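Because only heavy atoms are used, hydrogens play no part in the values below, and waters and symmetry mates are left out as well, while side chains stay in. Quick caveat, the model's predicted, so the values are computed rather than measured.
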Amino acid sequence: MANIKSQKKRSITNLKKSRAQAGEKSALKTAIKNVKVAVAANDKVAAVAALDKANKMLDKAVSSHIKHDNYAARQKSRLAKAVNSIN
């Protein structure tokens with residue numbers, strides 16, 4: 001542990017932020033997985049709904065600097081392509 005008061009506070013705030021970001025990352029992964037599961041089940045309605053939610057979460061992750069914007073664009077493209085492949 002640090003001896004300097006500001007460094008003690010900084011280590012606590014870093015821990016809080018990392019825990020909050022871990023939750024958001026986990027929720028994002030779950031949203032992406034839900035799209036893939038719906039596509040695997042050939043459920044177009046559920047896949048489109050899950051895609052909308054995943055896109056919203058990807059945009060939020062980019063705006064809060066949790067994920068890079070190229071990562072979000074790549075995931076959106078892959079998921080949209082998968083959803084559009086359902087007949």
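Considering all non-hydrogen atoms of both residues, Leu28 and Ala61 come closest at CD2-CB, 4.1 Å. In terms of heavy-atom proximity, Asn84 sits nearest to Lys44 at CA-NZ, 4.1 Å. Closest approach of Ala54 to Val35, counting heavy atoms only: CB-CG2, 3.9 Å. When all heavy atoms are compared, the tightest approach of Ile86 to Ala47 is CD1-CB, 3.9 Å.
Atom OG of Ser85 and atom CG of Asn42 lie 8.0 Å apart (nearest 0.5 Å). Note that CG of Asp52 and CG of Leu79 are 11.5 Å apart. Values are rounded to the nearest 0.5 Å. The structure places NE2 of His65 at 10.5 Å from CD of Gln21, a figure rounded to the nearest 0.5 Å. Lys8 contributes atom NZ, which lies 6.5 Å from atom CG of Asn3 (distance to the nearest 0.5 angstrom). In this structure, Ile32 CD1 and Lys53 NZ are separated by 12.5 Å, a value rounded to the nearest 0.5 Å. The NZ atom of Lys60 lies 7.0 Å from the CE atom of Met57; values are rounded to the nearest 0.5 Å.
A donor-acceptor pair under 3.5 Å links the side-chain atoms of Thr30 to the main chain of Ser26, judged by distance alone.
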Exercise for the section: Report the C-alpha separation of Leu15 and Arg19 in whole Å, then their side-chain angles, then the decisive distance to 0.1 Å, and conclude whether the side chain to side chain contact (heavy atoms under 4.5 Å, CB included) test is met. Expected result: CA-CA 6 Å; Leu15 186 62; Arg19 286 181 179 164; 3.8 Å; yes

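Open room surrounds CZ on Arg10; 12 or fewer heavy atoms of other groups in view lie less than 6.0 Å from it.
Using a 4.5 Å cut-off on side-chain heavy atoms (C-beta onward), Leu58 and Tyr71 make contact.
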